[in-house]
2 protein chains.
Amino acid sequence: MVDKNTKAWSGCPVRFGMSQFGDKWSFLIIRDLMFKGRKYYHEFIEAGEGISTNVLATRLADLESNGIINKSRDPVKGSRFIYTLTQKGIELMPMMLAMMDWAEKFDAETEVPQEFIKKLRSDPNKLQQEILKNLPK
Amino acid sequence: MVDKNTKAWSGCPVRFGMSQFGDKWSFLIIRDLMFKGRKYYHEFIEAGEGISTNVLATRLADLESNGIINKSRDPVKGSRFIYTLTQKGIELMPMMLAMMDWAEKFDAETEVPQEFIKKLRSDPNKLQQEILKNLPK
DNA sequence: TCATTTAACTTGTTATTTACAAGTAAAACT
DNA sequence: AGTTTTACTTGTAAATAACAAGTTAAATGA
């Protein structure tokens with residue numbers, strides 16, 4: 001794949017994004033954390049997309065080492081970990097929302113609640129604040 | 001990879017996006033078309049990212065079949081083709097700009113001209129119109 | 001007009017990554 | 001203390017990407 005360590009791999013924001021989260025599974029994990037309230041390993045597995053366990057493990061590790069997500073032991077149930085978005089991860093929200101807006105427009109099958117889309121198009125900042133409020137800290 | 005033909009693969013806007021352009025190379029091709037003025041096969045190859053010829057060919061074909069780009073013979077020089085963004089492709093601009101905004105914020109190496117970033121943060125719609133004006137039709 | 005060049009691929013092979021299946025380890029529950 | 005839960009790791013087969021070389025169709029130059 002792309003070698004992000006070469007000199008040529010620096011400077012461009014799109015390349016940077018791709019090197020940090022530019023993979024289908026990373027996007028879906030971020031979506032789960034941002035919009036679906038998922039936070040445990042098993043929840044990502046059971047999300048039904050069909051990610052395999054080894055790929056999930058490496059993606060979570062990559063996202064963590066890139067500072068996009070945070071991993072901590074569940075204080076309630078110590079056999080599991082809680083994954084949350086860092087500030088850096090949270091700030092991917094405008095990009096994710098722009099993508100959702102686009103998809104809703106061009107994909108007949110996409111089923112975003114009308115209320116969500118309406119808010120997104122009329123007052124995106126307000127929508128973002130609402131989503132943010134519901135994110136686990 | 002993800003089977004976008006299963007029932008489970010429909011409904012979600014993020015999954016839809018990933019199935020249509022969710023791959024590093026697709027992003028970079030879209031970036032080239034949207035911001036770098038590239039439009040020929042050889043320009044994508046020579047962009048210096050290191051994409052291989054077979055991968056470029058399949059990505060261009062996929063993007064075309066997904067209606068994101070358009071392929072037509074160059075009227076001036078019939079031995080080559082011109083690739084351009086369709087309306088559907090152009091409307092990925094807000095997402096791309098959101099990504100660039102994010103990258104500029106979190107990557108010290110990212111070198112987006114200050115003027116660009118300033119415009120992006122103060123009046124993104126105006127910036128978009130300017131970029132749009134410069135896109136080949 | 002016919003050989004050469006240019007541009008866009010295609011094909012073949014190797015290397016890397018992913019998918020799938022099964023096993024392991026650490027903590028919690030009983 | 002033994003079973004269960006959760007989060008992985010490991011091994012192998014299949015798919016994809018990288019790399020190198022070859023092919024085709026149009027343009028260009030002699």
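This structure is a prediction, so every number in the text was calculated from the model and none was measured. Below, chains carry the letters A, B, ... as their sequence lines are ordered, and counting in each starts from 1.
- Looking at heavy atoms from C-beta onward, Phe44(B) lies in side-chain contact with Arg38(B) at the 4.5 angstrom threshold.
- Across all strands shown, Tyr83(A) has heavy atoms under 4.0 Å from sugar-phosphate atoms exclusively, and none from any base.
- Between dC8(D), dG12(C), dC9(C), one nucleotide has an atom nearer to the side chain of Ala57(A) than all others, and that is dC8(D).
- As a whole-Å value, the separation of Glu43(A) CD from dT5(D) P is 16 Å.
- Within the 4.0 Å cut-off from OP1 or OP2 of dC8(D), at least one side-chain nitrogen or oxygen of Lys71(A) is found.
- Atoms CD1 (Ile45(A)) and P (dT9(D)) sit 12 Å apart, rounded to a whole Å.
- For Thr53(B) against dT10(C), a side-chain N or O and a base N or O form a donor-acceptor pair under 3.5 Å.
- Comparing dC20(C), dT6(D), dA8(C) against the side chain of Arg80(A) picks out dT6(D) as the nearest.
- Across the protein-nucleic acid pair, Glu64(A) atom CD and dC8(D) atom C1' stand 14 Å apart, rounded to whole Å.
- Note: Trp102(A) and Phe106(A) have tilted aromatic rings, judged against thresholds of 30 and 60 degrees for the angle between ring planes.
- Between Leu56(B) atom CG and dA18(D) atom P there is a gap of 11 Å when expressed in whole angstrom units.
- As rounded to whole Å, 10 Å separates atom C1' of dT16(D) from atom CG of Asn54(B).
- If you check dA19(C), dA18(D), dA26(D) against the side chain of Arg73(B), the one that comes closest is dA26(D).
- The interatomic distance linking Tyr40(A) (OH) with dC8(D) (P) rounds to 13 Å, in whole Å.
- Between Thr58(B) and Ser52(A), the residue anchored nearer the 5' end of DNA chain C, judged by the nucleotide with its closest heavy atom, is Thr58(B).
- We find the CG-CG distance between Leu132(A) and Leu127(A) to be 10.0 Å, quoted to the nearest 0.5 Å.
- Using a 4.0 Å cut-off, some side-chain N or O of Trp25(B) falls inside it from OP1 or OP2 of dA18(D).
- In this structure, the nucleotide among dC9(C), dT9(D), dA26(D) sitting nearest to the side chain of Tyr41(B) is dC9(C).
- Side-chain contact between Phe35(B) and Leu97(B) is present, with at least one heavy-atom pair separated by less than 4.5 Å.
- Ranking dT18(C), dC8(D), dA7(C) by closeness to the Phe81(A) side chain, first place goes to dC8(D).
- Listed pair Arg59(B) / dA17(D) meets the phosphate criterion, a side-chain N or O lying under 4.0 Å from OP1 or OP2.
- Listed nucleotides: dC9(C), dA7(C), dA17(D). Nearest to the side chain of Lys77(B): dA7(C).
- Within a 6.0 Å radius of CD in Glu115(A), other residues, nucleotides and ligands contribute 12 heavy atoms or fewer.
- Closest approach to the His42(A) side chain among dT6(D), dA18(D), dT18(C) is made by dT6(D) (side chain taken as heavy atoms from C-beta onward).
- Along DNA chain D, the nucleotide closest to Ser79(A) and the one closest to Gly50(B) are compared, and the more 5′ of them pairs with Ser79(A).
- For the pair Asp62(A) CG and dT17(C) P, the computed distance is 11 Å after rounding to whole Å.
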